[in-house]
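One-based numbering along the sequence shown.
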Amino acid sequence: MATNLGLHPETASWLPMTEAAGLKPLRIRGKTLLPIVQGGMGVGVSASGLASAVARLGGMGTISSVDLRRRHADLMVQTAHLDKEPDAGERINAANLIALDREICAAREAAQGRGCIAVNVMKALSAYEAYVRQALHSGADALVVGAGLPLDLPDLARDHPDVALIPILSDARGVQLLVRKWEKKGRLPDAVVIENPRLAGGHLGAAKVADLSDARFDFEVVLPQVREFFRQAGYERDIPLIAAGGIGCHADIVRLQGLGAAGVQLGTAFAVTEECDASAVFKRILAQAGPQDLVEFTSVAGLPARAVRTPWLEKYLRILPVLQERAHPKAKCNMSFDCLQTCGLRDGISGIGQFCIDQQLGHAMAGDADRGLFFRGAGRLPFGEQIRGVADLVHHLLTPRLAISNET
């Protein structure tokens, strides 16, 4: 079971900087943290290396739980060849649970008792419950769950009351529904990530691509609405909000805290740091992509998504109408372990994506520019095309712009 890590002397040196810059620290289940959360990014983009680097500075670092065996050569040797074996899925899933345990343990050791180590688990995953249980058993400090409503999370975590439970939602209605359901189970979220689908990367919290720019997702709308709901329900101070999407500087954090957020979550900005667990090519592609290079489409999971328009994605979108016309249920999953509960390709659902998301994200993590799917947020990166360290990014976020006006 996770323990209360509290503050560490080296972490404490960053917290006064936070308050001196006019920012409030983020407090979750007795921990005082920097108001900065590193978002979970798969496959293998945010693993123990990145998560621990953020935690060591006093923030929340997040491991993405999806298909982490790709980061462990011995586990890939044991499972990469599996195809038509009757127990292929079971063996691959078992390898992924081993990998998740290794990553959590490595991150906790490298964090040296500082900050917070979270694990992101998508509700849309077939092995969602197994990943949640493994993360709890392996000592994660927090569980962050998106891509669906995790109404069952309090039940799964009942024996781990010290672990923070943090759902990802995009509008006030979703927050109210989840909180009311959890309340009946005797548990409230320890924080809620409010993700703006117009700005975030990867899978997005809207019903369809056409809804991504709906005003109901704007932080200026959602944050006050949720705060008012909390006030009326009588627990405004108990549930901090973490704004996600498009954050890139100190002024953004000041503005969002003024709207009612306790902290912010960044994905792409951390994906292009030196400590990110993906390849150098992956980082370069994200860093060099401008607004004109981004595309929105419907994922194989049936959710809107945002990514860089690479050769593979360009070709895929061009032939998508044909692929959807020919969609039909497949005898087996391409990767033999059915990563998603609902998969447009495997299940033959013609109205959504028709590709193997695990395969394409795996190519991206490895730096295959021609075949990879490179998820990216819509915001401008703090250092442009530069690849900088996590400490540089955190310092940038905690420093008022006037003090860094000469920064390139």
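Residue W182 comes nearest to P150 through the heavy atom pair NE1-O, 3.1 Å, listed as atom of the first residue, atom of the second, then distance. Nearest heavy atom pair, residue N96 against residue F337, reads ND2-CE1, 3.8 Å. The two atoms that bring A301 and H203 nearest to each other are CB-NE2, 4.1 Å, heavy atoms only.
Remark: R216 engages D214 in a salt bridge, criterion side-chain N to carboxylate O under 4.0 Å. Remark: R70 engages D358 in a salt bridge, criterion side-chain N to carboxylate O under 4.0 Å. Between E220 and R255, at least one side-chain N (NZ, or NE/NH1/NH2) sits under 4.0 Å from a carboxylate O, which counts as a salt bridge. Salt bridge status for D141 with R108: present, with a side-chain N to carboxylate O gap under 4.0 Å.
With sequence neighbours excluded, no residue forms a ring-ring contact (aromatic ring centres under 6.0 Å, His included) with Y128.
No more than 12 heavy-atom neighbours from other residues, nucleotides or ligands sit within 6.0 angstrom of CD on E325. Environment of NZ in K185: crowded, with over 12 heavy atoms of neighbouring residues, nucleotides or ligands closer than 6.0 Å. With a 6.0 Å radius and a threshold of 12 heavy atoms from other residues, nucleotides or ligands, E183 has its CD atom above the threshold. Atom CD of E85 sits in a crowded spot, with more than 12 heavy atoms from other residues, nucleotides or ligands closer than 6.0 Å. Other residues, nucleotides and ligands contribute over 12 non-hydrogen atoms within 6.0 Å of the NZ atom of K330.
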*Step by step, would you call L212 with R306 a side chain to side chain contact (heavy atoms under 4.5 Å, CB included)?*
CA-CA 10 Å; L212 294 180; R306 179 173 290 113; 3.9 Å; yes
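Screening N93, L75, V43 for a side chain to side chain contact (heavy atoms under 4.5 Å, CB included) involving R69 leaves a single residue, L75.
Once rounded to the nearest 0.5 Å, the distance linking CG of D152 with NZ of K123 reads 4.5 Å.
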